[in-house]
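The block underneath contains the structure these notes are about, expressed in structure tokens.
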Amino acid sequence: MKFMTVVLILLATAGLGWAYYFGPYYVDYFKMHDVAATGALNWSAYNESHAREEVRMQMNQRKIGEYLTPDQCTFYQDVGDTKVVDCEWYVDVYLPGDSGRRVNFSVVYAAEPGAVKATQR
């Protein structure tokens with residue numbers, strides 16, 4: 001086999017391994033962007049309890065992993081009556097022959113009163 005073929009096979013194998021072990025957590029991370037933005041907009045339009053319920057429903061509908069719960073999202077009010085939804089979590093990923101790695105995630109969105117789109121912070 002040629003050298004470049006071997007290198008490409010090794011890179012493909014490493015990429016598939018990464019996708020197998022870390023991929024599902026990053027998919028949930030990208031889903032949480034929409035969930036947090038929706039929560040911030042709902043809080044801005046209605047109230048905090050409605051926004052918390054919407055976050056919970058969105059997480060269920062989008063099939064976010066069981067390791068991530070709505071309790072890991074903090075709702076707070078910022079300057080100028082801006083509503084902020086801050087979701088932070090971590091996942092311990094155990095690779096074969098490794099003691100584990102902690103991967104941290106954070107998603108923060110804010111919405112001002114009357115906003116049509118939440119902004120990422």
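The structure presented is a predicted model; accordingly, all values stated were derived computationally and were not measured.
Across all non-hydrogen atoms, the minimal contact from Thr69 to Met59 is C-CE, 3.7 Å. Shown here for Ala36 and Val107, the closest heavy-atom pair between the two residues is CB-CG1, 3.7 Å. The nearest pair of heavy atoms linking Ala110 to Val84 is CB-CG2, 3.9 Å. The minimum heavy-atom distance between Ala51 and Gly39, with the atom names listed, is CB-O, 3.4 Å.
To the nearest 0.5 Å, atoms NZ (Lys83) and CG (Asn47) are separated by 9.5 Å. Separating the CD atom in Gln61 from the NZ atom in Lys31 is a distance of 12.0 Å, to the nearest 0.5 Å. To the nearest 0.5 angstrom, Asp28 atom CG is 12.0 Å from Lys63 atom NZ.
Residues Phe3, Met4, Val7 make up the rest of the hydrophobic cluster containing Leu11, defined by ILVMFWY side-chain heavy atoms closer than 4.5 Å, directly or through other members.
Residues satisfying the side-chain contact (heavy atoms from CB on, under 4.5 Å) criterion with Asp34, sequence neighbours excluded, are Arg62. Residues satisfying the side-chain contact (heavy atoms from CB on, under 4.5 Å) test with Tyr46, not counting sequence neighbours, are Asn42, His50. Under the side-chain contact (heavy atoms from CB on, under 4.5 Å) criterion, Glu88 pairs with Asp86, Ser106, sequence neighbours left out. A search for side-chain contact (heavy atoms from CB on, under 4.5 Å) contacts involving Val6 returns Met1, Leu10, not counting sequence neighbours.
In terms of hydrophobic clustering, with Ile, Leu, Val, Met, Phe, Trp and Tyr side chains grouped at heavy-atom distances under 4.5 Å, Met32 and Val103 are assigned to a common cluster. Residues Ile64 and Val93 are members of one and the same hydrophobic cluster, defined by side-chain heavy-atom contacts under 4.5 angstrom among Ile, Leu, Val, Met, Phe, Trp and Tyr. Residues Tyr109 and Trp89 share a single hydrophobic cluster, defined by chaining ILVMFWY side chains whose heavy atoms lie under 4.5 Å apart. Under a hydrophobic-cluster definition in which Ile, Leu, Val, Met, Phe, Trp and Tyr are linked whenever side-chain heavy atoms come within less than 4.5 Å, directly or via other members, Tyr29 and Phe22 are assigned to the same cluster. The cluster map of Ile, Leu, Val, Met, Phe, Trp and Tyr, joined by side-chain heavy atoms under 4.5 Å apart, puts Val85 and Val108 in different clusters.
Without hydrogens or angle criteria, Ser44 side chain to Glu112 main chain gives a donor-acceptor distance under 3.5 Å. Between the side chain of Thr13 and the main chain of Ile9, a donor-acceptor pair closer than 3.5 Å is present.
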Next on the checklist: Using the rule given for side-chain contact (heavy atoms from CB on, under 4.5 Å), can you reason through Arg56 versus Arg52, listing the C-alpha separation, both sets of side-chain angles and the distance that settles it, and then say yes or no?
Outcome noted: CA-CA 6 Å; Arg56 187 191 64 74; Arg52 286 183 182 277; over 6 Å; no
Next on the checklist: Between Val55 and Phe75, is the side-chain contact (heavy atoms from CB on, under 4.5 Å) condition met? List the steps.
Outcome noted: CA-CA 11 Å; Val55 165; Phe75 291 69; 3.8 Å; yes
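Aromatic ring orientation, His33 versus Phe30: parallel (interplanar angle below 30°, classes split at 30° and 60°). Ring geometry for Tyr25 against Tyr67 counts as perpendicular: the plane angle is over 60°, on a 0 to 90° scale with 30° as the lower cut.
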Tabulate below the donor-acceptor pairs under 3.5 Å that side-chain atoms of residues 14-21 make, not counting sequence neighbours, or state none.
none

